[in-house]
Amino acid sequence: MSGTSPHSPLRVWWTQRPPAAGAAVMATGIVSVGLDLAGHETLSRIALVIGCAAWLGLAADVAVRLLRERARWFADAGTAGALTAVAATTVLGTRFSALGRQTLAEALLALSAVLWPVLVVRVVGHGKRRMPGGVFLGCVATQGLAVLGATLAAAESAAWLAHTALVLFWLGLVLYGLALFRFDLRQVVDGPGDQWIAGGALAISALAGSKLIAADSARLYLWNDDDRGVLRAVTAVLLVLDLAWYAVLLVAEFAGPRPRYDVRRWATVFPMGMTAVATLSVSATLDVRWLETPGEVLVWISVAAWSAVAAGAVGSARAAVRSTAPR
C-alpha cells in the first residue's frame, strides 16, 4: 500500500496528533518574526515557509475533521490546545504584514476573528482549577488578535482597528488573571513544556502594548498623553514580569531536566521566541536601546530551542510511523 493511503503509517501518525500541535506553527512563526527583527531576513523567510507549510497541513486536517468527524472536531475544540489555531494564524499574519502583504494579513485576521469567539467560549466553559500551562492560551489568542490588529492599523491607518485592538489588549490581561487563578503552580517544576506559556502570555501582551503605541501617529492621533503614558507603563511592566517568568522557568528546567520529546515542547519554544520579539519591539517603541542586545541573544536562544524540538519531533514521528507500520 502506498505511503499516502488513508491507512498508511504516516497517515495514522498524523491523525493522532493532539490539537496543541498548532503550537509548532506558533513557535515557527514567532521565530521567523524574531529573525526578521534581528536582521536575518533569509533565515526568517525559511522559517516562514516552514510555518506556512505546517499551517496549511493543520488547516486541511481541521477542515476534513469538521466535514467527516464532527464529534471529534467539537471535542478537540473544547480543549485549550485548540486556541493554538487562532494564535498561530495571527502570528503568521503579523509576519506577512511586515513583508507588506497586507491583504493576506487582513484575511488571516478575519479568519482568526471568526475562530476566536467560538473557541474561547468553549474553552473557558471547560475550565477548572489546577490546570496546566495551556490555560493561558485564551490570553495568548486574544493578544494575538490585538497584535495583528494594531499592526494592520498602523499599516492601513485604520483608527477603528487600533481601538478594537486596544479593547482586546485589556481583555487579554483579564483573561491572564483568570488563567493565573486556575494555573497549577506545580507545573513550573513538573510541566512537560506548556508551563512556559505562563510567561509567553505576558510576552505577547507586552508585544501588543508596544504595537498599540507604535500604531499612533499625527494622522491618526489614537491616544492622548494620559492614554499613551498608561500604555507605556503597562507595556514596560508586562515585559519585566515576562522576563521574571522566563528566569524562573529556565532555572526550573535546569533544576529538573526533562530531555524527552513531548509535543508540548513547542509551547516552550513559542514563549522563548515571543519574549525575544517583545524585548526587541519594546526596545524600539519605548526607545530603550540597551534592550536590543539581550533581545538578539534571546532570538538565538529561541532558534536553538526550535532546532532541538524540531529534531525531537522528527525522531518521534519516525518512531511512531515505524511502530504502526505493518509487519
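Note on Val237 and Val282: same hydrophobic cluster, where clusters join Ile, Leu, Val, Met, Phe, Trp and Tyr whose side-chain heavy atoms are under 4.5 Å apart, directly or indirectly. When hydrophobic clusters are built by joining Ile, Leu, Val, Met, Phe, Trp and Tyr residues whose side-chain heavy atoms come closer than 4.5 Å, directly or via intermediates, Leu58 is grouped together with Leu56. A chain of hydrophobic side-chain contacts below 4.5 Å, direct or via other Ile, Leu, Val, Met, Phe, Trp or Tyr residues, connects Val309 to Trp300. Put simply, Leu250 and Phe270 are part of the same group of oily side chains (I, L, V, M, F, W, Y) that touch within less than 4.5 Å, one to the next. Phe254 and Ile301 fall within the same hydrophobic cluster, defined by Ile, Leu, Val, Met, Phe, Trp and Tyr side-chain heavy atoms under 4.5 Å apart, directly or through other members.
Remark: Trp223 pairs with His163 by the ring pair (Phe, Tyr, Trp, His ring centres under 6.0 Å) rule, at least two apart or across chains. Remark: Asp184 pairs with Arg186 by the side chain to side chain donor-acceptor pair (under 3.5 Å) rule, at least two apart or across chains.
Smallest separation of non-hydrogen atoms from Val25 and Ala54: CG2-CB, 3.8 Å. Smallest separation of non-hydrogen atoms from Ala278 and Ala203: CB-O, 3.4 Å. Scanning all heavy atoms of the two residues, the minimum distance from Ala313 to Trp266 falls at CB-CZ2, 4.1 Å. The heavy-atom pair separating Met131 from Gln187 by the smallest distance is O-CG, 4.3 Å. Among all heavy-atom pairs drawn from Pro294 and Leu291, the shortest one is CD-O, 3.3 Å. Closest non-hydrogen pair, Ala87 versus Val140, comes out as CB-CG1, 3.9 Å.
With values rounded to the nearest 0.5 angstrom, Leu152 atom CG is found 4.5 Å from Ser97 atom OG. Atom CG of residue Asp262 and atom CG of residue Asp194 lie 8.0 Å apart, to the nearest 0.5 angstrom. Here the CG atom belonging to Leu241 is positioned 7.5 Å from the OH atom belonging to Tyr176, to the nearest 0.5 angstrom. Annotation: the span from Asp36 atom CG to Leu280 atom CG amounts to 10.5 Å, rounded to 0.5 Å. Within the model, atoms CD1 of Ile213 and OG of Ser281 stand 8.5 Å from one another, a figure rounded to the nearest 0.5 Å. Note that the CZ atom of Phe169 and the NZ atom of Lys211 stand 14.0 Å from one another [nearest 0.5 Å].
Side chain of Ser283 to main chain of Val288: a donor-acceptor pair is present (N/O by atom type, distance under 3.5 Å, no hydrogens or angles). Counting only distance, with no hydrogens or angles, the side chain of Gln195 and the backbone of Gly193 share a donor-acceptor pair below 3.5 Å. Formation of a donor-acceptor pair under 3.5 Å by the Arg258 side chain with backbone atoms of Val189 is found in this model. Judged by distance alone, with hydrogens and angles left aside, the side-chain atoms of Ser302 form a donor-acceptor pair with the main-chain N or O of Val299 at under 3.5 Å.
The shortest distance between side-chain heavy atoms of Leu168 and Gln143 does not fall below 4.5 Å. When side chains are defined from C-beta on, Leu111 does not count as touching Val86, because their heavy atoms never get closer than 4.5 Å. Taking 4.5 Å as the limit, every side-chain heavy atom of Ile30 sits out of range of all side-chain heavy atoms of Met272. Between Trp170 and Val174 there is no side-chain heavy-atom pair separated by less than 4.5 Å. The side-chain heavy atoms of Leu37 and Val277, taken from C-beta on, include a pair separated by under 4.5 Å. Side-chain contact check for Leu109 versus Leu161: some heavy-atom pair is nearer than 4.5 Å. Inter-residue side-chain proximity for Leu92 and Trp55 is flagged as met; some heavy-atom pair is nearer than 4.5 Å. Using a 4.5 Å heavy-atom cutoff, the side chains of Tyr261 and Pro192 are not in contact.
Of the residues listed (Leu137, Thr89, Val31, Val269), the one engaging Met26 in a side-chain contact (heavy atoms from CB on, under 4.5 Å) is Leu137, and it is the only one. Partner of Ser205 under the side-chain contact (heavy atoms from CB on, under 4.5 Å) criterion, out of Val147, Leu238, Thr235, Leu239: Leu238 alone.
Applying the 6.0 Å contact sphere to CZ of Arg289 captures more than 12 heavy atoms from other residues, nucleotides or ligands.
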key: Test log, rule side chain to side chain contact (heavy atoms under 4.5 Å, CB included), inputs Thr90 and Leu108   = CA-CA 7 Å; Thr90 59; Leu108 292 173; over 6 Å; no
key: Derivation of the side chain to side chain contact (heavy atoms under 4.5 Å, CB included) call for Leu99 and Glu41   = CA-CA 10 Å; Leu99 288 169; Glu41 183 65 18; 3.6 Å; yes
ask   = Leu207 and Ser210: side chain to side chain contact (heavy atoms under 4.5 Å, CB included), yes or no, with the steps?
value = CA-CA 5 Å; Leu207 178 61; Ser210 71; 3.8 Å; yes
message = Would Arg228 and Asp226 count as a salt bridge (Lys or Arg N to Asp or Glu O under 4.0 Å) here? Give the steps.
response = CA-CA 5 Å; Arg228 192 178 299 107; Asp226 290 339; over 6 Å; no
request  = For the pair Leu185 and Phe183, evaluate side chain to side chain contact (heavy atoms under 4.5 Å, CB included) and give the outcome as yes or no after the intermediate values.
outcome  = CA-CA 6 Å; Leu185 286 173; Phe183 180 52; 3.9 Å; yes
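Ser44 and Ser32 are linked by a side-chain donor-acceptor pair at a separation below 3.5 angstrom, with hydrogens and angles left out of the test.
Checked against the 6.0 Å centroid threshold, Trp196 and Tyr246 count as a close aromatic pair.
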